[in-house]
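As structure tokens, the structure follows; a few thoughts come after it.
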Amino acid sequence: MSGASNIYPTAELRARDAAHHMHPFSDTGALNREGVRVITGAEGVWLTDSDGNRYLDGMAGLWCCQVGHGRDEIADAVNRQMRELDYYNTFFKTSHPPVIALSEKLAELSPPQFNRVFFTSSGSEANDTVFRMVRTYWDLMGKPEKKTIIGRWNGYHGSTLAGTSLGGMAAMHGQGDLPVPGVHHIAQPYWFGEGGDMSPDEFGVWAAGELERAIDRIGEDKVAAFIAEPVQGAGGVIIPPDTYWPEVSRICRERGILLVADEVICGFGRLGSWFGSQHYGIEPDLMPIAKGLSSGYLPIGGVMVADRVADAFIEKGGEFFHGYTYSGHPACCAAALANLEIMQREKLVERVADDIGPYLQAKWRALGDHPLVGEARMVGLVGALELVPARGDRSRKFASLGEAGTLCRDLCFDNGLVMRAVRDSMIISPPLVLSHEEADDMIERIVRTLDQTHAALKKDGRLAA
Ligand SMILES: *Cc1c(COP(=O)(O)O)cnc(C)c1O
């Protein structure tokens, strides 16, 4: 779609938005003064704004649009479902064909220990479900003392009370007096930023060891679970050293705590496997999912529940007093089913593993030679560029944290590419349908943007001498 049905001038849309719309994760006052960018249409990996400018969608919407924009097949499936059964709940001993088909499909696509799914409308809700399911599981197992959930600093698990609490974003904790009691955070496996003099492998073992030391301090009989993203997304695409996950996995097993892999970004092909935990060879007990499940066409999430946990709920009996009006919404299930069908038919996961993944990774690594880039890391189709004032010295940061990132991100938009800035890292997570030509085009735009950012920083004397 070109967005041709929009008849309003940008200035008017901005004024109406500023008057009535409060945006997520925004400084509303500042945003209103600056004016929003209005997106009116999207097709494939391209977005169109209300002035007719085109942007390559380097973030796949918000890490979610695996199959690209504008797929009639998904729109048609939703349309058909809405005409047949628009909505019915799944609470009162009822079900419906699309939720049954999607549950079965997810059991088929996920690792063997997963045969059941609990549906939600988002990733945040999925983590609220995780929170209550984990604690209820240990109640059912006769170990009600096992309550504490360990997460990681700078992890992201959504923006509800449970999601914010499990996540480790200090700025988010500051609003609403969070985390809630019974959540503990340990260091993230962020070698570039926090690895000091250790090699990446040594640091991976150390960061995993933080989990074991936390369990020792809190007491094994009081710890319920560890939750982490296979690759931390919103925290800045933190790709753990190879030594990290095998150690974490061993610790969870030996110390008898549940392992929760938040697959909201890593799931559905982002790392070149259906789930990020498969990429790292770990076997979680719970997997929150969302985003790529429907490629963002309609809101749907869920929690994949391993037999070990599901069996406790099923065999010990009793009602789980938890659910959402829209758990397993028929139209959202229809969108997810059509999306997964496209992913399977077009072999998008295999494509990330064998084709576009390696192709983009090679070009991405070459960006590591740019004078502004301290590290260029990527796994599957998700990556980061660490912008630095002086190459070769990981301890040197820009004087004003985030300023270089913001400058680079704004220039990126001017060059027709959407990338996200996390502090002074530039983040990419494109649709899995990205073609080789589009990848080349994207890299060209990034090089141009890096050159411009470098020149601007140099002019202002913000690079190291
Ligand atoms: C986006 C995200 C969430 C939250 O999902 P929402 O649908 O925005 O509620 C949870 N976990 C991870 C890893 C995410 O990236």
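Whatever order the structure lists them in is the order used to number ligands and atoms, beginning at 1.
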- [ ] Enumerate the atoms of ligand 1 whose separation from the nearest heavy atom of Glu229 is less than 4.0 angstrom.
- [x]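 What qualifies from ligand 1 is 13 (C).
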TODO: Any atoms of ligand 1 less than 4.0 Å from a non-hydrogen atom of Ile265? List them with their elements.
DONE: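 Reading through ligand 1 atom by atom, the close ones are 15 (O).
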Open item on the list: Walk me through whether Arg152 and Asp262 qualify under salt bridge (charged side-chain N to carboxylate O under 4.0 Å, His left out).
Closed with: CA-CA 12 Å; Arg152 302 186 298 193; Asp262 185 336; over 6 Å; no
Task: Option passing side chain to side chain contact (heavy atoms under 4.5 Å, CB included) with Val130 (candidates Ile149, Thr120, Val303) - done: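 Result for side chain to side chain contact (heavy atoms under 4.5 Å, CB included) with Val130: Val303.
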- [ ] Have a look at Cys64, Gly123, Gly158, Gly296 and point out the one with the heavy atom closest to atom 5 (O) of ligand 1.
- [x]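 Closest candidate by heavy-atom distance is Gly123.
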Heavy-atom nearest neighbour in the protein, as seen from [atom], with distance rounded to 0.1 Å:
{"atom": "atom 1 (C) of ligand 1", "value": "Lys291 NZ, 1.5 Å"}
{"atom": "atom 10 (C) of ligand 1", "value": "His157 C, 3.5 Å"}
{"atom": "atom 9 (O) of ligand 1", "value": "Ser124 OG, 2.5 Å"}
{"atom": "atom 11 (N) of ligand 1", "value": "Asp262 OD2, 2.8 Å"}

Task: Mutual orientation of the aromatic rings belonging to Phe320 and Phe118 [parallel < 30°, tilted 30-60°, perpendicular > 60°] - done: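 Phe320 and Phe118: perpendicular rings.
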TODO: Return the orientation label for the Tyr87 and Tyr326 ring planes: parallel under 30°, perpendicular over 60°, tilted otherwise.
DONE: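 Perpendicular, since the angle between the ring planes exceeds 60°.
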Task: Pairing of Arg308 and Asp285 as salt bridge, 4.0 angstrom limit - done: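 Salt bridge: yes.
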Task: Charged N-O contact under 4.0 Å between Arg445 and Asp441 - done: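 So Arg445 pairs with Asp441 through a salt bridge.
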Open item on the list: Using a 4.0 Å heavy-atom cut-off, which part of Ser122 comes near ligand 1: side chain, backbone, both, or neither?
Closed with: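 Both parts.
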TODO: For ligand 1, indicate whether the residue Thr160 contacts it via side chain, backbone, both or neither (heavy-atom separation under 4.0 Å).
DONE: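 Neither part.
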Open item on the list: Using ring centroids (six-membered ring only for Trp), state whether Tyr190 and Phe203 fall under 6.0 Å.
Closed with: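 No: the rings miss the under 6.0 Å criterion.
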Task: Heavy atom of Tyr156, distance to ligand 1 below 4.0 Å - done: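 Right, Tyr156 reaches ligand 1.
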